[in-house]
Amino acid sequence: MDAKHSSSPDYSDSPAARLLAWYDRHARDLPWRAKAGETPDPYRVWLSEVMLQQTTVAAVGPRFSAWVERWPDVASLAAASDEDIMAAWAGLGYYARARNLVKAARAVVAEHGGRFPSTEAGLRDLPGLGAYTAAAVAAIAFGERAVVVDANVERVVARLFAIQTPLPAARPAIREATDRITPDARAGDFAQAMMDLGSSICTVKKSQCLLCPIAVDCRARAEGIAESLPAKAPKKARPYRHGTVFWIERKGQVWLVRRPDKGLLGGMRALPTGPWADERPGLTDAPAKGPWVMLNDTVVHGFTHFELELALARIDGEPAASVAGEWWPIADLGTAGLPTLFARAADRLKGAGE
DNA sequence: GAAACGTGGTA
DNA sequence: TTACCAAGTTT
């Protein structure tokens, strides 16, 4: 091999070059990706990146398509009501994303003339855009050379450089290593290629190194430790909590409330509940006077940081005057935008009075 | 740095 | 079945 005397890096012989060549052949066809020759739409890039936070491509696909059909641009989204937006997000989880989505859309319209900021720093100031999303939108939508690090990139890079420090302590080293291999051109494609690689080949278990375009660069593969990386600190056990969910029915309608704007399931329509505690709260904080009928059944739902078992109580009657809420036709409950937890409880409760 | 914050798929 | 995990952000 001839020695190079140029001061510029030999781009053709780099992990980025190998990865981009692979991406040109194997990129996934996803609804939010611009097709060859198309200019990326920052609105679609932003929306998809927010939907994809901690959420699988499979779950996002149909939700993204329905969303852009209803709100095709940032102006239409900014003009929509909070209520409609929260209901449209129901089932996707992490509802702070939807609350921030509205705020960001309105900020883009009110403070940026309806156009997204085109730099990573400008994007970072919008609600709901953290280090990852700001970098991803800057790179994918605007072609900026940004260092994009998500969980896929963390895994690929930890293996590529055999970084054995456990997460999250390894993050600074991983970011620095990612910076070193990020190309000046096509940073957006590079980021998406890294994520495609991480999701399809360099997977958590059973990484398929024989198919990997940068296996030749990979130190973990050379050392036979790919699948043990990245190391992670052990997780804490999730506590188990109890609660009661209340179903008040009258003339084919059920009483729904809106949860407080902050906290778990914040801003979402819901069935009334009592406190969530270590012990079964029974009828504590019941939203109507008895006689409540307890179903001989519970709903168990796992959240990120605790598991919840809900007892199911129902009554035919009226809510107490102090309980704010609205009647909702039981036949149309699917349009109420209930989080999954309450949708599941409602499935058990409706019809239980017959 | 750690905890809060949802849900559904996979092994 | 239990445990882990996914294109993270905010406090």
Side-chain angles (χ1 to χ4, degrees), chain A residues 27-28 30-33 44-64 86 89-101 103-104 123-141 146 148-156 166-172 175 178 188 190-200 202-206 227 230 232-241 259-268 270 276 299-308 337-344:
Chain A
R28 288 178 292 178
L30 301 172
W32 45 87
R33 282 186 177 167
R44 294 167 65 96
V45 174
W46 161 70
L47 176 65
S48 65
E49 289 301 340
V50 173
M51 283 190 169
L52 287 161
Q53 290 168 5
Q54 299 289 284
T55 308
T56 58
V57 166
V60 168
R63 304 299 296 266
F64 175 85
M86 296 310 289
W89 198 271
L92 274 172
Y94 285 138
Y95 298 99
R97 294 185 292 172
R99 302 196 295 272
N100 287 328
L101 202 70
K103 291 180 195 161
L123 289 160
R124 186 69 177 75
D125 287 334
L126 292 172
L129 282 84
Y132 163 75
T133 305
V137 175
I140 297 169
V148 180
V149 184
D150 77 324
N152 288 301
V153 176
E154 282 182 347
R155 184 170 57 257
V156 171
L167 290 170
R171 295 234 156 88
R175 201 208 122 83
T178 308
F190 175 76
Q192 293 178 91
M194 289 285 277
M195 294 189 276
D196 276 15
L197 186 74
S199 67
S200 64
C202 193
T203 53
V204 177
K205 296 168 185 169
K206 301 205 172 177
E227 283 171 14
K232 295 191 179 178
K235 300 219 160 124
K236 291 177 29 175
R238 289 189 307 179
Y240 199 89
R241 293 189 190 152
R259 295 180 58 80
D261 281 329
K262 296 195 173 190
L264 195 67
L265 311 174
M268 298 299 289
W276 296 351
V299 167
V300 177
H301 191 79
F303 292 105
T304 307
H305 52 298
F306 68 95
E307 194 156 7
L308 179 67
L338 295 177
T340 300
L341 165 64
F342 294 110
R344 291 175 55 203

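All chains are named by letter (A, B, ...) in the order of the sequence lines, taking the proteins before the strands, and each is independently numbered beginning at 1.
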Any donor-acceptor N/O pair, R99(A) side chain to G266(A) backbone, under 3.5 Å: yes
Parallel, tilted or perpendicular, as decided by the 30° and 60° cut-offs, for the rings of W276(A) and F303(A): parallel
Touch class at under 4.0 angstrom, heavy-atom based, for R99(A) against every strand present: nothing
H301(A) side-chain N/O to dT7(B) phosphate OP1/OP2 under 4.0 Å: yes
Sugar-phosphate only, base, or nothing, as touched by A59(A) at under 4.0 Å among non-hydrogen atoms: nothing
Contacts of type salt bridge (charged side-chain N to carboxylate O under 4.0 Å, His left out), residue R171(A), not counting sequence neighbours: E154(A)
Any residue meeting side-chain hydrogen bond (donor to acceptor under 3.5 Å, both in side chains) with T133(A), in chain and number order, not counting sequence neighbours: Q53(A)
dC4(C) to dA3(B) separation - P atoms, rounded to the nearest Å: 16 Å
Whole angstrom value for the distance that separates C1' of dA4(B) from CH2 of W276(A): 13 Å
Residues in side-chain contact (heavy atoms from CB on, under 4.5 Å) contact with T340(A), at least two apart in sequence or another chain: H301(A), R344(A)
Between dA4(B) (C1') and L308(A) (CG): distance, integer Å: 15 Å
Qualifying residues under side-chain hydrogen bond (donor to acceptor under 3.5 Å, both in side chains), relative to N152(A), sequence neighbours excluded: D150(A), R155(A)
Residue list, side-chain contact (heavy atoms from CB on, under 4.5 Å) with P166(A), at least two apart or on another chain: A231(A)
Touch class at under 4.0 angstrom, heavy-atom based, for G263(A) against every strand present: sugar-phosphate
Any residue meeting side-chain contact (heavy atoms from CB on, under 4.5 Å) with K236(A), in chain and number order, not counting sequence neighbours: none
N/O to N/O distances under 3.5 Å, protein versus nucleotides 9-11 of chain B:
none

Interatomic distance where CZ belongs to R259(A) and P belongs to dA4(B) [whole Å]: 15 Å
Interface limits on DNA chain C, where chain A has a heavy atom under 4.0 Å of a nucleotide atom: dC5(C) to dT10(C)
Length of the CE-P vector between M268(A) and dC5(B), whole Å: 15 Å
Length of the line joining Q53(A):CD and dG6(B):C1', which is rounded to integer Å: 13 Å
Integer-rounded Å distance: dC5(B) P and E307(A) CD: 16 Å
Rounded distance in Å - NZ (K236(A)) to P (dC5(B)): 13 Å
Any H305(A) side-chain nitrogen or oxygen under 4.0 Å from OP1 or OP2 of dA3(B): no
Sugar-phosphate, base or nothing in reach of W32(A), heavy atoms under 4.0 Å: base
Euclidean distance for P, dA7(C) against dA11(B) (whole angstrom): 15 Å
Residue list, side-chain contact (heavy atoms from CB on, under 4.5 Å) with Y94(A), at least two apart or on another chain: Q54(A), R97(A), T304(A)
All salt bridge (charged side-chain N to carboxylate O under 4.0 Å, His left out) counterparts of R28(A), not counting sequence neighbours: D196(A)
Most 5' of N100(A) and K232(A) on DNA chain C, judged by nearest nucleotide: K232(A)
Sugar-phosphate, base or nothing in reach of R28(A), heavy atoms under 4.0 Å: base
Whole-Å C1' distance, dG1(B) and dT9(C): 15 Å
Under-4.0 Å side-chain N/O to phosphate OP1/OP2 contact, T340(A) with dG8(B): yes
Rounded distance in Å - CG (L264(A)) to P (dA3(B)): 17 Å
Touch class at under 4.0 angstrom, heavy-atom based, for L341(A) against every strand present: sugar-phosphate
Residues touching DNA chain B, which here means a heavy atom under 4.0 Å, drawn from residues 125-137 of chain A: none
For E307(A), salt bridge (charged side-chain N to carboxylate O under 4.0 Å, His left out) partners two or more places apart: R238(A)
Sugar-phosphate, base or nothing in reach of G91(A), heavy atoms under 4.0 Å: sugar-phosphate
5' precedence on DNA chain B between K262(A) and R344(A) (nearest-nucleotide basis): K262(A)
Min side-chain heavy-atom separation L126(A)-W46(A) under 4.5 Å: no
Side-chain heavy-atom pair L30(A), Q192(A) within 4.5 angstrom cut-off: no
